[in-house]
Number of protein chains: 2
Amino acid sequence: MRFTLRQLQVFLATAHHQNISRAAESLAMSQSAASGALSDLESRYNAQLFDRVGKRLQLNAQGYALRPLAESLMDEANEVEAVLEQRGIAGKLKVGATLTIGNYIAIPIIARFKQEFPDVDLRMHVANTEHIASEVLQFDMDIGLIEGEYSHPDLLVEPWQDDELQVFCSPNHPFASLASLDDKQLKSVPWILREQGSGTRQTFDRAMHGLLNDLDIHLEFEHTEAIKRAVEAGLGLGCLSRITLADAFKRGSLVPLDVKHRDMGRQFYFVTHKKKFQSRALLSWLETCRQLSDS
Amino acid sequence: MRFTLRQLQVFLATAHHQNISRAAESLAMSQSAASGALSDLESRYNAQLFDRVGKRLQLNAQGYALRPLAESLMDEANEVEAVLEQRGIAGKLKVGATLTIGNYIAIPIIARFKQEFPDVDLRMHVANTEHIASEVLQFDMDIGLIEGEYSHPDLLVEPWQDDELQVFCSPNHPFASLASLDDKQLKSVPWILREQGSGTRQTFDRAMHGLLNDLDIHLEFEHTEAIKRAVEAGLGLGCLSRITLADAFKRGSLVPLDVKHRDMGRQFYFVTHKKKFQSRALLSWLETCRQLSDS
DNA sequence: TCATATTAATCGGAAATACCAATATATTAT
DNA sequence: ATAATATATTGGTATTTCCGATTAATATGA
C-alpha cells in the first residue's frame with residue numbers, strides 16, 4: 001500500500017471543495033501540507049487526479065473513478081475506528097427527505113432512532129427529490145427518502161412504503177356530501193395544489209392524466225399546511241398525501257372525497273449511492289424505518 | 001483517523017499467524033517494527049486487541065470484532081490502489097472447491113476466467129466442504145465452491161447450480177440391461193462409493209434413506225476416477241455426480257442405471273464471508289461462474 | 001489596463017514517525 | 001536446568017509530515 005488514509009482524506013476534501021485551501025481548512029491543516037499530500041499521492045502513482053486549469057482543480061476521469069472507492073474506504077475506516085474506540089453505533093448520519101416525508105413520516109422515525117441510538121449525530125435535510133438525489137450522488141448525504149421516481153446509474157433506489165394521495169375539500173363545500181366525483185365535477189372547481197416539480201404534484205398529474213389541461217389550478221403552494229388552510233377556507237379542492245390529512249379528517253376541519261377511476265397510489269423510496277459503504281449507523285436507520293412502516 | 005493502513009496490516013498478519021515474528025516476516029519488516037506498530041495501535045486507542053498469554057498472541061473479543069472490518073478495509077484499499085495504478089481488474093483471488101467441482105466444473109470456468117481477466121492471480125485449492133468453509137471464515141480464501149449444505153452465522157451461502165447423482169455399473173453387469181432398479185435390487189449388490197464426509201456421499205446417504213443399513217458398501221475411495229475404474233472392472237455399483245460420468249457414458253465404458261423413488265438431486269453453493277469486501281476480481285469470478293452454468 | 005486579492009505550488013526547517021539492530025525479558029520444550 | 005523460541009524495549013537513523021514564508025499564476029474590479 002503506497003498511499004495513506006490522510007492522502008485520501010485530502011483527495012476527498014479537495015474533490016468536495018474543488019479548492020485546496022478550503023480542503024486544508026476543513027481538515028485543520030495548512031494549505032501547503034494539503035497541496036503536498038495531494039501531489040505526493042499523484043506522483044507516487046504517476047497519476048493525475050485533477051486537471052489543473054489555471055488555479056482551478058477539476059476532478060478528471062481517474063479522480064472521478066477514485067472518488068466513490070475512496071469515499072467508501074473512509075467510511076469503512078470510520079467503522080474501524082469505532083470498533084477501536086469501543087464505541088457503540090455512532091457517527092454522523094445525514095438524511096435527506098422530501099417535504100411530505102420529512103414533516104410527517106420521518107418525525108416518529110427520528111424519535112425512535114434517537115432513542116435507540118443516541119450516539120449517532122443525525123442530521124435531516126428537507127429538499128426536493130432532485131436536490132436530494134444530487135447530494136447523495138455527491139456523497140454529501142448518506143441516504144435520501146424520496147417520493148418521486150428517480151433513476152441514475154450510480155444510485156440504488158429501493159421501494160420503501162406505499163402512499164396514496166387524497167382529494168379533499170372543506171366541510172361546507174357543495175362536494176362534501178357527494179359519494180364520489182366524476183371527471184366533469186373535477187373540471188368544474190378550482191384546485192389548490194403543491195407546486196410543479198414536487199413529488200406530490202408529479203403523482204397528481206399522473207393520476208389526472210388526460211384531464212390535466214382542463215383543470216383549473218387556482219393556487220400552488222410549497223407547503224402542505226398552506227394548502228390545507230386554503231382548502232379549509234373554501235378556496236377550492238386540494239390533493240395531498242393521506243398521511244398529512246389524517247388529523248384534519250379526524251377533527252372534521254377537512255373532508256375526504258372519493259374520485260372515480262383515478263389511481264392515486266405512489267411509493268416512497270430509499271435512495272443511496274451504490275458505491276457507498278453501508279455504515280452500521282445507516283443500516284440501523286434503515287432497520288428503524290422498516291420497523292415503523294410495518295406497524 | 002488515528003491509525004494507519006500499515007498498522008492494520010500488522011494487526012491482520014498477526015491475527016493470521018498468531019505470531020508477531022512471522023507476521024513481520026510476511027510483511028518484510030523487522031520483528032521490532034511489527035511489535036511497535038501493533039502496540040502503538042493498541043495504546044493509541046487504549047485498546048487490547050490480543051490477549052498476551054505467555055508469548056502467545058491470542059485474538060480477543062475486540063480484536064475479533066475488528067478483524068472482519070479491517071480485512072474488508074484492506075481489500076478495499078487494494079481496489080483503490082488498482083484505480084490509482086490504472087490497472088484493470090487484477091489482484092489475487094483464492095478460490096476453494098470440493099473435489100467434484102474443482103476437477104470437473106471449475107476447469108472450464110477457470111479457462112474462461114483466465115482468458116477474460118489475465119491479470120488476476122487465480123489460485124484454486126481443492127479440499128472438502130468443511131475445510132473450505134473454515135478457510136473462508138479465516139479470510140484465507142476469498143470464495144468457496146461447495147457441495148454440501150453448510151451454515152454459519154458469518155458465512156453467506158448462495159445456491160449456484162443444480163446437480164444430480166447417478167447410479168451406474170459396467171456394461172457387462174447383469175443390471176446393465178434393466179429399465180430400472182428397485183430397493184431389493186439395490187440391496188443385493190456391492191457398492192463402491194466416495195468416503196464418509198464427502199458431499200457426494202452425504203447426498204447418496206440422504207437419497208438412500210431407510211435403506212442405508214442394508215446396503216453392502218464394498219469399497220470407499222476419495223477420488224472419482226478410482227471409483228469409476230473399480231466399477232468398470234465389475235466390482236459393483238457406483239454413484240457419482242452426472243458431470244463426472246458424461247464421458248464414460250458416451251464412450252460406453254459405463255452404463256447409467258435408473259433408480260426408482262430416490263431423489264438424487266443436490267445443489268452447489270457459493271460460500272463467502274459476510275463481512276468481506278467484494279473485490280472486482282471476485283465479482284467477475286461470480287459472473288463467469290453464472291454465465292457458464294446458464295449455458 | 002493595472003492594481004489587488006485569491007490560490008496553488010515550492011522551499012527550508014522542525015517535529016513526529018517508522019524502521020532496524022541489538023538487547024532484555026518471558027515462556028516453552030527437552 | 002538449559003536451550004530454543006518469542007515478544008518487548010531501547011537507542012539511533014532515515015523518512016515523512018507538517019508549518020510558515022515565499023513565489024508564481026490566475027481572477028476581480030476599478
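The figures that follow rest on heavy atoms only: side chains count, while hydrogens, waters and symmetry mates do not. Naming convention: chains lettered A, B, ... in sequence-line order (proteins, then strands); numbering from 1 in each chain.
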Sorted by first residue and then second, give each ring pair (Phe, Tyr, Trp, His ring centres under 6.0 Å) pair with at least one member in residues 46-69 of chain A; sequence neighbours left out.
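Every pair satisfying ring pair (Phe, Tyr, Trp, His ring centres under 6.0 Å) with a residue in residues 46-69 of chain A: A:F11-A:F50.
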Using the side-chain hydrogen bond (donor to acceptor under 3.5 Å, both in side chains) rule, collect all pairs that involve residues 65-91 of chain A, keeping only residues at least two apart or in two chains.
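Those involving residues 65-91 of chain A are A:R67-A:Q138, A:S72-B:E76, A:D75-A:K276, A:E76-B:S72, A:E79-A:R280, A:E81-B:Y45, A:E85-A:R87, A:E85-B:R2.
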Sort and list the pairs that fulfil side-chain hydrogen bond (donor to acceptor under 3.5 Å, both in side chains) and have at least one residue in residues 22-39 of chain A, not counting sequence neighbours.
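Listed by first then second residue: A:S30-A:S32.
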For [X], all residues meeting salt bridge (Lys or Arg N to Asp or Glu O under 4.0 Å), sequence neighbours excluded:
X	value
A:D119	none
A:E116	A:R112
A:D205	A:R201
B:E158	B:R290

Distances under 3.5 Å only, N/O to N/O: pair up the protein atoms with those of nucleotides 2-4 of chain D.
none

Report the residue from A:V95, A:L145, A:I146 that forms a side chain to side chain contact (heavy atoms under 4.5 Å, CB included) with A:I101.
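When side chain to side chain contact (heavy atoms under 4.5 Å, CB included) is applied between A:I101 and each of A:V95, A:L145, A:I146, only A:L145 qualifies.
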So, OP1 or OP2 of D:dA8: does either fall under 4.0 Å of a side-chain N or O from B:R52?
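Affirmative; the distance criterion is met.
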Check B:A77 against A:F3 and note the closest heavy-atom contact, atom names and distance.
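Distance-wise, the nearest heavy atoms are O-CE2, 3.6 Å.
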Ignoring hydrogens, what is the shortest heavy-atom contact between A:I132 and A:M141? Give both atom names and the distance.
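Result for this residue pair: CG2-SD, 4.1 Å.
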Find the distance [X]:[atom1] to [N]:[atom2] and express it as a whole number of Å.
X	N	atom1	atom2	value
B:Q48	D:dT7	CD	P	15 Å
B:Q31	D:dT7	CD	C1'	6 Å
B:L57	D:dA8	CG	C1'	11 Å
B:F50	D:dA8	CZ	P	10 Å
B:L38	D:dA6	CG	P	17 Å
B:F3	C:dA18	CZ	P	13 Å
A:L49	C:dA9	CG	P	12 Å

Is there a side-chain contact between A:V157 and A:E149 in this structure, where contact means two heavy atoms from C-beta onward sitting under 4.5 Å apart?
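The answer is no; the side chains never approach within 4.5 Å.
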Any residue of residues 8-26 of chain A with a heavy atom less than 4.0 Å from an atom of DNA chain C
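Per residue number, the list reads A:N19, A:I20, A:S21.
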Estimated bend of the helix from C:dT1-D:dA30 to C:dT30-D:dA1 (axis per five terminal pairs, rounded to 10 degrees)
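It works out to 30° between the end axes.
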Set out, line by line, the N/O atom pairs under 3.5 Å between protein and nucleotides 10-18 of chain D.
from, atom 1, to, atom 2, distance (Å)
D:dC18, OP1, A:R6, NE, 3.2

As a test of understanding, state which of A:N128, A:T98, A:T129 forms a side chain to side chain donor-acceptor pair (under 3.5 Å) with A:E147.
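Considering A:N128, A:T98, A:T129, a side chain to side chain donor-acceptor pair (under 3.5 Å) with A:E147 is found only for A:T98.
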Among all residues two or more places apart in sequence or in another chain, which pass the ring pair (Phe, Tyr, Trp, His ring centres under 6.0 Å) test with A:H16?
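With neighbours one apart ignored, the set is empty.
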